[in-house]
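These numbers come from the heavy atoms of this one structure, side chains and all, not from hydrogens, waters or symmetry mates.
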Amino acid sequence: MTAETQLPQATGSCCSPSGSCHDGADAGARAGDVTTVYQVSGMTCGHCEGAVSEEISGIEGVTSVKAVASTGQVTVVSATPLTDDAVRAAVDEAGYELVGRA
């Protein structure tokens, strides 16, 4: 199970901004975007993935978030590099623990 949030929503397809049904971690990435993978502990289900994705999506500049409970990894695509403190605060708000970068 994975939860993915992509902002802004693309037109033409409900699958991805590129209009494909590919479920790649960089589906929301554009040239110049930064992709960072974080390790989060405590996620066990789709609800957990959604909660973490929603909070991280609220960080300014974030364009895509994909959380995978089975691995504990959260892939974040952003317009500029994010501070670990900002990501940690969002993960804490969701009720989970940021272990660090994967």
Side-chain angles (χ1 to χ4, degrees):
M1 297 177 73
T2 62
E4 186 169 355
T5 304
Q6 297 178 356
L7 304 172
Q9 187 66 30
T11 60
S13 174
C14 63
C15 297
S16 72
S18 66
S20 73
C21 289
H22 177 68
D23 191 25
D26 64 348
R30 297 177 303 238
D33 280 354
V34 177
T35 301
T36 310
V37 180
Y38 298 94
Q39 192 69 38
V40 174
S41 68
M43 294 190 301
T44 60
C45 65
H47 173 77
C48 300
E49 295 168 344
V52 169
S53 294
E54 182 178 344
E55 290 297 333
I56 294 175
S57 292
I59 300 171
E60 186 176 341
V62 170
T63 58
S64 175
V65 179
K66 181 178 180 182
V68 181
S70 62
T71 63
Q73 292 191 339
V74 180
T75 303
V76 181
V77 179
S78 57
T80 59
L82 303 176
T83 66
D84 287 349
D85 288 342
V87 176
R88 185 175 316 282
V91 171
D92 286 350
E93 184 66 27
Y96 304 92
E97 180 183 355
L98 177 67
V99 176
R101 294 181 186 222

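A pairwise comparison of heavy atoms in T63 and D33 identifies OG1-OD2, 3.8 Å as the closest pair. Pairing each heavy atom of S78 with each of L82, the nearest pair is OG-CG, 3.7 Å. Considering all non-hydrogen atoms of both residues, A69 and T44 come closest at CB-C, 3.8 Å. Across every non-hydrogen atom of S41 and Y96, the tightest pair is O-CB, 3.6 Å. Closest approach of G42 to C48, counting heavy atoms only: O-SG, 4.3 Å. Pairing each heavy atom of E55 with each of A94, the nearest pair is CG-CB, 3.7 Å.
Taken from OG1 in T36 to CG in D84, the straight-line distance is 8.5 Å, to the nearest 0.5 Å.
Considering V91, V74, V68 in turn, V74 is the only one that fulfils the side-chain contact (heavy atoms from CB on, under 4.5 Å) rule with M43. When each of V52, V99, V87 is checked for a side-chain contact (heavy atoms from CB on, under 4.5 Å) with Y38, only V87 meets the rule.
No side-chain heavy atom of R101 sits less than 4.5 Å from a side-chain heavy atom of Q39.
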